[in-house]
Number of protein chains: 2
Amino acid sequence: MVKPATPDTPETGRGEQTKRLIVDTAVRLFRDQGYDKTTMRGIAQAAGVSVGNAYYYFPSKDHLVQQFYATVQEDAAAAVAEALAEPGPFDERLRVALTGMLETMTPYHAFAGKFIKTAVEPGSPLSPFSAESEPARERSIAVLRQVVEGATTKIDAELKPDLPELLWLGQMGITLYWVHDTSPDQAKTRLLIERAVPLIDRLVTLARMPGLKSVTREALKMYRLLK
Amino acid sequence: MVKPATPDTPETGRGEQTKRLIVDTAVRLFRDQGYDKTTMRGIAQAAGVSVGNAYYYFPSKDHLVQQFYATVQEDAAAAVAEALAEPGPFDERLRVALTGMLETMTPYHAFAGKFIKTAVEPGSPLSPFSAESEPARERSIAVLRQVVEGATTKIDAELKPDLPELLWLGQMGITLYWVHDTSPDQAKTRLLIERAVPLIDRLVTLARMPGLKSVTREALKMYRLLK
DNA sequence: GTCTATAACACGATAGAC
DNA sequence: GTCTATCGTGTTATAGAC
């Protein structure tokens with residue numbers, strides 16, 4: 001805590017600046033040229049540093065991609081935070097969150113195919129379930145928690161605490177669909193959200209009903225056991 | 001059709017023999033050493049051909065992996081076919097199919113992590129949704145169709161035609177979970193199947209009930225629209 | 001601790017000769 | 001159809017400079 005006062009800017013140390021420079025350059029190149037055409041040599045050159053220096057800060061190319069991922073996640077969360085400030089019906093809020101995410105990710109659809117490739121590899125730092133991804137994951141779940149907690153809809157008390165995480169899993173599924181969606185402008189994914197939101201809304205409502213209460217309880221028990 | 005009679009053995013042409021030799025060698029090495037440690041140079045050398053020759057028959061290393069995948073799928077299908085010959089309760093049959101698949105895949109759990117990496121890449125020939133994977137995919141769905149059609153349980157008429165494909169999607173989800181399952185001997189995945197099967201069974205039964213009939217219909221409409 | 005410069009390695013993939 | 005030689009890549013190693 002000897003460091004002088006730099007309250008807002010995250011880090012201003014000598015090394016931190018270089019690190020930032022490398023990340024920013026990498027993100028820009030990924031965006032402009034895609035994953036494959038962006039080489040470590042290219043990143044280093046464009047950033048004006050040596051290849052060795054890039055590896056001094058990032059153990060692999062994948063770790064650079066992760067920064068890119070975190071950036072997008074942060075943008076998505078920020079984009080919808082305002083729209084979710086006031087309470088409202090559950091389905092409306094869920095639609096806002098999901099479409100907000102989709103809009104933020106849209107420019108990177110082509111890139112996402114390469115990204116997901118390393119993201120699904122078990123043990124990869126890019127995995128949405130990895131320890132390294134925890135900040136980004138928590139950020140996303142926080143948005144969905146906001147969706148649930150600001151909902152005027154009645155939600156089953158047993159389901160409620162787990163619902164944000166379950167919605168996040170659903171969001172991962174939608175993302176998986178989106179990555180593979182070859183329809184123009186990813187129209188099918190938009191349709192998926194449009195259709196899935198009312199369905200989820202109905203299922204959440206139905207979960208409280210006598211005939212389904214036991215199924216809900218069983219499913220939740222299974223989820224908690226296996227997560 | 002000038003070729004002489006070779007009814008049983010698929011192909012006996014000069015090139016076909018080389019192709020088979022390369023595939024068999026590759027599959028063996030994948031099984032023994034895993035994905036990363038099996039190099040194209042290693043495959044070529046072990047098969048007694050040149051690297052260029054291997055690439056003459058297979059456009060990429062991934063295409064060789066696909067052959068490996070197809071082999072495993074075929075084994076899994078064969079393993080459960082007998083057990084599903086006689087009709088029985090839906091849940092029992094589903095459990096047989098899912099555990100059969102799991103047992104067949106178990107020796108390749110370590111390998112699967114690398115496999116999935118390329119399998120999820122959009123446009124990859126290894127994708128379970130790709131045209132190249134159609135034979136293996138159809139083979140898997142056929143097993144689940146057998147599960148449904150030999151079931152003594154009452155199944156909603158509207159749901160029934162789509163159920164095999166839906167179960168296959170669920171199976172893909174279980175596989176995804178399995179790949180990331182680090183519990184000893186993948187115990188959690190076994191638990192998942194044990195718990196999920198009765199749940200699915202109950203949901204299939206409930207789908208016919210008056211209160212849920214409309215939700216079922218909506219969900220099916222969405223599925224058909226988006227597949 | 002931060003950084004450069006350059007070479008070297010092993011790999012997947014390709015080119016072009018025979 | 002089959003080969004050898006070579007390319008471009010991620011990554012590592014070396015040897016040092018500020």
Side-chain angles (χ1 to χ4, degrees), chain A residues 2-4 11-27 29-30 32-68 111 113-115 117-119 121 123-126, chain B residues 3 11-27 29-30 32-68 111 113-115 117-119 121 123-126:
Chain A
V2 193
K3 205 182 290 179
E11 296 285 344
T12 331
R14 191 162 79 266
E16 287 300 329
Q17 277 189 332
T18 310
K19 195 171 175 178
R20 249 283 142 67
L21 172 65
I22 294 169
V23 167
D24 291 346
T25 307
V27 168
L29 293 182
F30 282 144
D32 295 352
Q33 317 179 336
Y35 179 81
D36 282 330
K37 301 194 78 173
T38 302
T39 67
M40 289 301 284
R41 289 166 177 83
I43 293 169
Q45 195 182 347
V49 300
S50 69
V51 181
N53 200 8
Y55 275 99
Y56 177 77
Y57 287 107
F58 301 94
S60 77
K61 190 180 177 183
D62 288 349
H63 282 77
L64 279 170
V65 180
Q66 182 170 23
Q67 297 298 317
F68 178 69
F111 179 78
K114 300 293 177 175
F115 170 75
K117 185 178 172 169
T118 56
E121 193 180 5
S124 164
L126 264 72
Chain B
K3 206 180 289 179
E11 297 284 345
T12 331
R14 191 164 80 265
E16 287 300 330
Q17 278 190 330
T18 311
K19 193 172 177 177
R20 249 286 142 67
L21 173 65
I22 294 169
V23 167
D24 291 345
T25 308
V27 168
L29 292 182
F30 282 141
D32 294 352
Q33 317 179 336
Y35 180 81
D36 281 329
K37 301 195 76 171
T38 303
T39 68
M40 290 300 284
R41 287 166 176 83
I43 293 169
Q45 195 181 346
V49 300
S50 71
V51 181
N53 200 5
Y55 275 100
Y56 176 77
Y57 288 107
F58 300 94
S60 78
K61 189 181 177 182
D62 290 348
H63 282 78
L64 279 169
V65 180
Q66 183 171 26
Q67 297 298 319
F68 178 68
F111 181 82
K114 301 293 177 176
F115 171 76
K117 184 177 174 169
T118 56
E121 193 180 5
S124 163
L126 263 72

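Numbered from 1 within each chain, the chains take letters A, B, ... in sequence-line order. All figures in this text were calculated on a predicted structure; none of them were measured in a lab.
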Nucleic acid footprint by protein, nucleotides 12-18 of chain D - heavy-atom cut-off 4.0 Å, B for base, S for sugar-phosphate alone: B------
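In this structure, CZ of A:R14 is placed 9 Å from C1' of C:dC3, rounded to the nearest angstrom. Distance OH (B:Y56) to C1' (D:dT4): 18 Å, rounded to an integer number of Å. Between A:L64 atom CG and D:dT11 atom C1' the separation is 13 Å, expressed in whole Å. Taking atom CD of residue B:Q45 and atom P of nucleotide D:dT4, one finds them 11 Å apart after rounding to whole Å. Distance, A:Q33 CD to D:dT9 P: 11 Å, rounded to whole Å. Between the P atom of C:dA13 and the CD1 atom of B:I43 lies a distance of 10 Å, rounded to the nearest Å. The CD1 atom of B:I22 sits 16 Å away from the C1' atom of C:dG12 (whole-angstrom rounding).
Counting non-hydrogen atoms of neighbouring residues, nucleotides and ligands closer than 6.0 angstrom, the CD atom of A:Q45 reaches no more than 12 such neighbours.
Residue B:Y35 holds its OH atom at 8.0 Å from NZ of B:K117, rounded to the nearest 0.5 Å. Atoms NZ and OG1, on A:K37 and A:T39 in that order, are 11.0 Å from each other to the nearest 0.5 Å.
Listed candidates were D:dT4, C:dA13, C:dC3. Nearest to the side chain of B:K61 is C:dA13. If you check C:dA5, D:dT4, C:dA13 against the side chain of A:S50, the one that comes closest is C:dA5.
Formation of a donor-acceptor pair under 3.5 Å by the A:T38 side chain with backbone atoms of A:L29 is found in this model. A donor-acceptor contact shorter than 3.5 Å links the side chain of A:S124 to the backbone of A:T118.
A heavy-atom distance below 4.5 Å is found between the side chains of A:Q67 and A:F58. At a threshold of 4.5 Å between non-hydrogen side-chain atoms, the residues B:I22 and B:K19 do not count as touching.
Counting only residues at least two apart or on different chains, the side chain to side chain donor-acceptor pair (under 3.5 Å) pairs with a member in residues 49-61 of chain B are B:S60-B:H63.
For C:dT4, one of the phosphate oxygens OP1 or OP2 lies less than 4.0 angstrom from a side-chain nitrogen or oxygen of A:N53. B:T18 has a side-chain polar atom (N or O) that falls below the 4.0 Å cut-off from OP1 or OP2 of D:dT2.
Not less than 6.0 angstrom separates the ring centroid of B:F30 from the ring centroid of B:F115.
Residues of residues 35-42 of chain A having a heavy atom closer than 4.0 Å to DNA chain D, listed by number: A:T38, A:T39, A:M40, A:R41.
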